[in-house]
Amino acid sequence: MGNKDKRIDDYISKSADFAKPVLNHLRDLVHAECPNVQETIKWGMPFFEYKGPLCNLASFKQHCAFGFWKAALMKDAKQMKENNKGSMGVLGKLTSLSDLPPDSQIKSWIKEAAKLNADGVKAPDKKVKEKKEIEMPESFKQALSKNKKASAAYENFSPSHRHEYLEWITGAKTEETRNKRIEKTIEQLKESKSLNWKYMKK
């Protein structure tokens with residue numbers, strides 16, 4: 001059977017009051033339709049995994065969101081893309097339970113997404129401009145080695161998020177500025193926050 005992660009309980013409890021019933025309802029639907037799902041936190045957001053990433057929740061100041069990792073491969077991909085305009089996820093900006101489609105529709109999507117993972121279907125490669133690899137500064141490497149929580153969060157980040165941090169740190173013009181950026185990076189990583197996490201709250 002799947003299990004629930006206390007970190008997601010904490011995430012939901014700290015979300016805005018309007019978001020709590022929406023997040024809890026979607027979470028319950030995921031567990032109901034995919035009993036073996038596993039919960040975790042990635043990039044500071046609740047993620048559900050079943051033989052790979054399945055779907056995720058996100059809460060912001062004025063709305064919340066629900067998305068599928070392989071939405072582009074699902075039967076209703078076009079509809080999901082249209083809902084996604086100006087927001088994260090496949091259901092648009094959610095502010096109440098009334099914004100959700102019928103439970104039967106959501107459960108059908110969850111079942112389809114789980115089957116894609118079970119069948120080993122891979123998400124399409126995104127054509128992204130190749131970024132020049134940046135060597136990790138020794139001072140940053142030492143700082144990570146002293147903080148297991150920050151190090152684990154950094155390793156769980158996507159290559160693009162790791163690149164953002166390295167680019168920001170190595171872009172410092174003085175050693176003093178670099179050290180300050182490393183210190184800030186460690187503090188944010190301890191909370192599983194990406195470099196530009198503040199912009200995700202808007």
Side-chain angles (χ1 to χ4, degrees), residues 1-16 18-60 63-128 152-153 155-162 192-194 197 200:
M1 293 292 290
N3 56 39
K4 291 192 173 183
D5 192 318
K6 186 180 181 301
R7 292 175 298 171
I8 294 183
D9 293 330
D10 294 338
Y11 181 96
I12 294 177
S13 70
K14 293 176 183 177
S15 297
F18 76 84
K20 292 175 184 177
V22 180
L23 299 174
N24 279 317
H25 186 66
L26 289 168
R27 185 187 192 187
D28 288 343
L29 289 179
V30 173
H31 280 274
E33 195 58 38
C34 188
N36 293 320
V37 74
Q38 300 294 316
E39 295 186 343
T40 188
I41 292 286
K42 286 187 176 182
W43 306 302
M45 297 180 290
F47 260 78
F48 301 90
E49 297 187 335
Y50 172 71
K51 299 185 178 181
L54 183 71
C55 53
N56 70 285
L57 298 171
S59 180
F60 306 97
H63 72 279
C64 49
F66 179 61
F68 289 98
W69 191 254
K70 297 178 181 176
L73 298 177
M74 297 172 69
K75 294 176 183 177
D76 292 330
K78 185 177 179 181
Q79 176 188 338
M80 292 176 173
K81 187 175 181 180
E82 290 176 352
N83 291 339
N84 191 30
K85 290 180 179 178
S87 66
M88 177 188 291
V90 299
L91 299 178
K93 295 182 178 180
L94 304 170
T95 58
S96 70
L97 288 170
S98 62
D99 290 334
L100 295 173
D103 287 357
S104 58
Q105 176 66 80
I106 300 174
K107 291 171 77 172
S108 175
W109 284 336
I110 295 169
K111 184 176 182 179
E112 181 184 357
K115 188 175 188 305
L116 286 172
N117 282 4
D119 292 344
V121 179
K122 294 184 178 180
D125 291 331
K126 295 181 180 179
K127 294 182 179 179
V128 181
E155 290 302 317
N156 285 329
F157 272 170
S158 64
S160 62
H161 282 325
R162 293 198 295 268
S192 295
K193 291 178 177 178
S194 63
W197 68 274
M200 295 176 66

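Note that the structure is predicted; figures quoted are calculated from it, not measured.
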Do [X] and [Y] touch side chain to side chain, with heavy atoms closer than 4.5 Å?
| X | Y | result |
| --- | --- | --- |
| Gln105 | Asp76 | yes |
| Leu94 | Leu26 | yes |
| Arg27 | Ile12 | yes |
| Pro101 | Ile106 | yes |

Can you name the closest pair of heavy atoms from [X] and [Y] and give their distance?
| X | Y | answer |
| --- | --- | --- |
| Ser194 | Phe157 | N-CZ, 3.7 Å |
| Leu54 | Cys34 | CD2-SG, 4.4 Å |
| Leu73 | Glu112 | O-OE2, 4.4 Å |
| Glu155 | Arg162 | O-NH1, 3.4 Å |
| Cys55 | Val30 | SG-CG2, 3.8 Å |
| Ser15 | Leu23 | OG-CD1, 3.6 Å |

Just say parallel, tilted or perpendicular for the rings of Phe68 and Trp109, cut-offs at 30° and 60°. perpendicular
Check the pair Leu29, Ile110 against side-chain contact (heavy atoms from CB on, under 4.5 Å), reporting the backbone distance first and the verdict last. CA-CA 8 Å; Leu29 289 179; Ile110 295 169; 4.1 Å; yes
Run the side-chain donor-acceptor check on residues 44-51: report pairs under 3.5 Å with partners two or more places apart or on a different chain.
from  : atom 1 : to    : atom 2 : distance (Å)
Glu49 : OE2    : Lys42 : NZ     : 2.6

So, taking the atom named [atom1] in [X] and the one named [atom2] in [Y], what distance separates them when rounded to the nearest 0.5 Å?
| X | Y | atom1 | atom2 | value |
| --- | --- | --- | --- | --- |
| Leu91 | His63 | CG | NE2 | 11.5 Å |
| Leu57 | Tyr11 | CG | OH | 7.5 Å |
| Cys64 | Lys20 | SG | NZ | 12.5 Å |
| Gln79 | Met74 | CD | CE | 10.5 Å |

Could you list the residues that satisfy side chain to side chain donor-acceptor pair (under 3.5 Å) with Lys107, not counting sequence neighbours? none
Pairing residues for Asp5 by the salt bridge (charged side-chain N to carboxylate O under 4.0 Å, His left out) criterion, not counting sequence neighbours: Arg7
Counting only N and O atoms by type, is there a donor-acceptor contact under 3.5 Å from the side chain of Asn117 to the main-chain atoms of Ala114? no
